[in-house]
Novice: 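Once you've had a glance at the structure underneath, I'll fire off some questions.
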Amino acid sequence: MPGVVILEEAPSVDVFIALREAVGWGTADREAASRSVVNSLYWIILKDEDKERVIGCGRVIGDQGLCYYVQDLIVLPEYQGRGYGRQMMEKIMSYLDSRAATGAIAGLMAAINVENFYLPYGFEKRPNLRMGPGMIRYLADPFEETREKRK
Ligand SMILES: CC(C)(COP(=O)(O)OP(=O)(O)OC[C@H]1O[C@@H](n2cnc3c(N)ncnc32)[C@H](O)[C@@H]1OP(=O)(O)O)[C@@H](O)C(=O)NCCC(=O)NCCS
């Protein structure tokens, strides 16, 4: 029966860019986004089969050894709060569990006010007594292109 399904496949580049835009992350560079689509280790998409529309995604990147990173977990705003984010994280955790090796880690950078969403999957907030803060540097302004278009 059609409905909302999770598929273990990558979105198209255009859909990936649009999903990121829809949750306020700006317009990503298309070339770079296409490399992200191809070079990720594991992708899932959330698809509304009735509307033939991709409504979410999530992915894992990493070195296939000791380091993995969860990125771009997105559910379109109109579909949020219905358990789809949890279903996608469960898929991602199954993938990560299947790759677990002694010493391996999975990281993520939680968006503001989303940290608690990840607690049930065993992710720890930083800083804590054992670990310093996570850190990030944008290599280019993600909102620059959006601003240019508005001019
Ligand atoms: C974060 C996101 C993926 C969650 O997806 P969702 O489909 O709305 O979440 P679900 O309905 O599956 O919620 C699952 C559980 O997490 C909780 N939850 C949802 N959003 C949460 C949040 N921001 N903070 C804490 N808990 C949250 C729900 O209450 C629910 O709890 P329950 O199991 O006790 O009922 C979605 O809100 C989203 O795409 N946000 C914008 C993009 C984003 O910030 N992504 C995360 C990047 S780090």
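Bear in mind that the values here come from a model prediction, so they are computed numbers and not experimental data. What you see below is based on every heavy atom in this structure, not just the backbone, and it leaves out hydrogens, waters and symmetry mates. Counting convention: from 1, in listed order, for ligands and their atoms alike.
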Novice: State plainly whether one hydrophobic cluster holds both Tyr118 and Ile61, where clusters connect Ile, Leu, Val, Met, Phe, Trp and Tyr through side-chain heavy atoms under 4.5 angstrom apart.
Specialist: no

Novice: Under a 4.5 Å side-chain heavy-atom rule over Ile, Leu, Val, Met, Phe, Trp and Tyr, are Leu41 and Phe16 clustered together?
Specialist: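 Unlinked, Leu41 and Phe16 end up in two clusters.
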
Novice: According to a hydrophobic-cluster definition based on side-chain heavy atoms being under 4.5 Å apart (Ile, Leu, Val, Met, Phe, Trp, Tyr only), do Tyr121 and Ile92 belong together?
Specialist: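 In one cluster: yes.
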
Novice: Got the residues with a heavy atom under 4.0 Å of ligand 1, by chain and number?
Specialist: Val23, Trp25, Leu73, Ile74, Val75, Gln80, Gly81, Arg82, Gly83, Tyr84, Gly85, Arg86, Met109, Ala110, Ala111, Asn113, Val114, Asn116, Phe117, Tyr118

Novice: Hey, is Glu78 close enough to Lys51 for a salt bridge, meaning N to O under 4.0 Å?
Specialist: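 Salt bridge between Glu78 and Lys51, a charged N being under 4.0 Å from a carboxylate O: no.
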
Novice: Considering all heavy atoms of both residues, which atom of Tyr69 and which atom of Leu108 are nearest to each other, and what is their separation?
Specialist: CE1-CA, 3.8 Å

Novice: Is the number of heavy atoms from other residues, nucleotides or ligands under 6.0 Å of Leu129 CG greater than 12?
Specialist: no

